[in-house]
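Since the structure comes first, as structure tokens, the remarks are kept for the end.
Position 1 is the first residue of the sequence; numbering continues from there.
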Amino acid sequence: QVQLVESGGGLVQPGGSLRLSCAASGFTLDYYDIGWFRQAPGREREGVSCISSSSGIPYYSDSVKGRFTISRDNAKNTVYLQMDSLKPEDTAVYYCAAEVRFGSFCSLRIAYDMWGQGTQVTVSS
């Protein structure tokens, strides 16, 4: 079965850290740009970060730049999102998405074809 599966969400206090994982099954991530998105209740989906398949160059939205780090391990067929210095406004359901692309730079503005089911991140004291 071809799918993306996110894991690693949970409840964390402000200032804490979480690492999300996006594991692919049924296909290889080698040629896919991967994006992380989030959606909080009552708000539109927001692009958070992405990473290029060919260059490994990451991109971050201004809201998470300097706090989040995206990485990929093609041998494990998994992409990670390390989230540090978490804030209450980071609370959302986080989704990873995949799209076949061959450029050096990823984008959060393209239409990603494949999506995971999401994982809840709650930042609260």
Side-chain angles (χ1 to χ4, degrees):
Q1 184 177 4
V2 175
Q3 61 179 353
L4 293 171
V5 178
E6 301 98 333
S7 61
L11 173 64
V12 64
Q13 292 187 342
S17 298
L18 284 174
R19 188 177 79 158
L20 305 184
S21 298
C22 173
S25 63
F27 70 104
T28 177
L29 285 177
D30 289 11
Y31 302 109
Y32 286 80
D33 285 4
I34 303 298
W36 281 99
F37 297 80
R38 66 186 181 187
Q39 188 163 22
R43 302 191 64 177
E44 291 188 356
R45 187 175 65 198
E46 174 191 12
V48 172
S49 179
C50 63
I51 187 166
S52 166
S53 63
S54 58
S55 66
I57 295 174
Y59 171 84
Y60 303 96
S61 67
D62 288 343
S63 60
V64 306
K65 195 175 297 181
R67 300 187 298 122
F68 289 12
T69 303
I70 191 171
S71 62
R72 63 192 301 154
D73 186 339
N74 286 352
K76 294 183 178 180
N77 221 22
T78 301
V79 172
Y80 304 98
L81 185 68
Q82 177 67 40
M83 307 187 297
D84 299 317
S85 303
L86 283 162
K87 305 174 181 180
E89 51 263 44
D90 294 318
T91 296
V93 177
Y94 283 71
Y95 301 89
C96 66
E99 181 68 16
V100 174
R101 298 187 80 219
F102 300 100
S104 296
F105 300 97
C106 63
S107 173
L108 293 171
R109 298 182 180 184
I110 65 169
Y112 283 78
D113 183 56
M114 194 179 307
W115 291 80
Q117 83 290 349
T119 185
Q120 176 71 46
V121 171
T122 302
V123 185
S124 175
S125 55

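Not less than 6.0 angstrom separates the ring centroid of Trp36 from the ring centroid of Phe68.
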### Query
Please walk me through it: do Leu11 and Ser124 pass side-chain contact (heavy atoms from CB on, under 4.5 Å)?
CA-CA 7 Å; Leu11 173 64; Ser124 175; 4.2 Å; yes
### Task
For Asp90 and Lys87, run salt bridge (charged side-chain N to carboxylate O under 4.0 Å, His left out): C-alpha distance rounded to whole Å, both residues' side-chain angles, the deciding distance at 0.1 Å, then the answer.
CA-CA 5 Å; Asp90 294 318; Lys87 305 174 181 180; over 6 Å; no
### Task
Show the numbers, then the answer: is there a side-chain contact (heavy atoms from CB on, under 4.5 Å) between Tyr95 and Val48?
CA-CA 10 Å; Tyr95 301 89; Val48 172; over 6 Å; no
### Task
Could you check Cys22 against Arg72 for side-chain contact (heavy atoms from CB on, under 4.5 Å), going step by step and ending with a plain yes or no?
CA-CA 9 Å; Cys22 173; Arg72 63 192 301 154; over 6 Å; no
### Task
Go through the steps for Ser61 and Ser63 under the test side chain to side chain donor-acceptor pair (under 3.5 Å), then give the verdict.
CA-CA 5 Å; Ser61 67; Ser63 60; 3.0 Å; yes
### Query
Can you list the steps and then say if Val12 with Met83 is a side-chain contact (heavy atoms from CB on, under 4.5 Å)?
CA-CA 11 Å; Val12 64; Met83 307 187 297; over 6 Å; no
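For residues 99-112, the pairs satisfying side chain to side chain donor-acceptor pair (under 3.5 Å) are Asp33-Arg101, with sequence neighbours left out.
Judged purely by atom type and a 3.5 angstrom limit, Ser54 uses its side chain to pair as donor or acceptor with the backbone of Gly103. Looking at Ser85, its side chain never comes within 3.5 Å of a backbone N or O of Gly15 through a donor-acceptor pair.
Atom CD1 of Ile34 is separated from atom OH of Tyr80 by 12.5 Å, given to the nearest 0.5 angstrom. Between the CG atom in Leu20 and the CD atom in Gln82 there is a gap of 9.0 Å [rounded to 0.5 Å]. Atoms CD and OH, from Gln39 and Tyr94 in turn, are 12.0 Å apart once rounded to the nearest 0.5 Å. Separation of atoms CD1 (Ile51) and CG (Leu29) is listed at 11.0 Å; rounding is to 0.5 Å. Rounded to the nearest 0.5 angstrom, Asn77 CG and Asp30 CG are separated by 7.0 Å.
Considering all non-hydrogen atoms of both residues, Thr119 and Glu6 come closest at CG2-CB, 3.9 Å. For the pair Gly35 and Leu108, the tightest heavy-atom approach, listed with the atom from each and the gap, is CA-CD2, 4.4 Å. The two residues Ala92 and Arg38 make their nearest non-hydrogen contact at CB-CB, 3.8 Å. Looking at every heavy atom in both residues, Leu18 comes nearest to Gly8 through CD2-O, 3.8 Å. The shortest heavy-atom contact between Pro14 and Ser125 is CD-N, 3.7 Å. Gln120 and Val93 make their closest contact through OE1-CG2, 3.2 Å (heavy atoms, listed as atom of the first residue, atom of the second, distance).
The shortest side-chain heavy-atom distance between Cys96 and Val79 does not fall under the 4.5 Å cut-off. Between Ile57 and Tyr59, the closest side-chain pair of non-hydrogen atoms is not below 4.5 Å. Residues Thr69 and Tyr60 have side chains in contact (heavy-atom distance under 4.5 Å, counting atoms from C-beta outward).
Val5 and Val2 fall into different hydrophobic clusters, where Ile, Leu, Val, Met, Phe, Trp and Tyr are joined by side-chain heavy atoms under 4.5 Å apart, directly or via other members. Ile110 and Leu4 are assigned to two separate hydrophobic clusters, defined by single-linkage of ILVMFWY side chains at heavy-atom distances under 4.5 Å.
Using a 30° and 60° split on the angle between ring planes, Tyr31 and Phe102 fall in the tilted class, from 30° to 60°.
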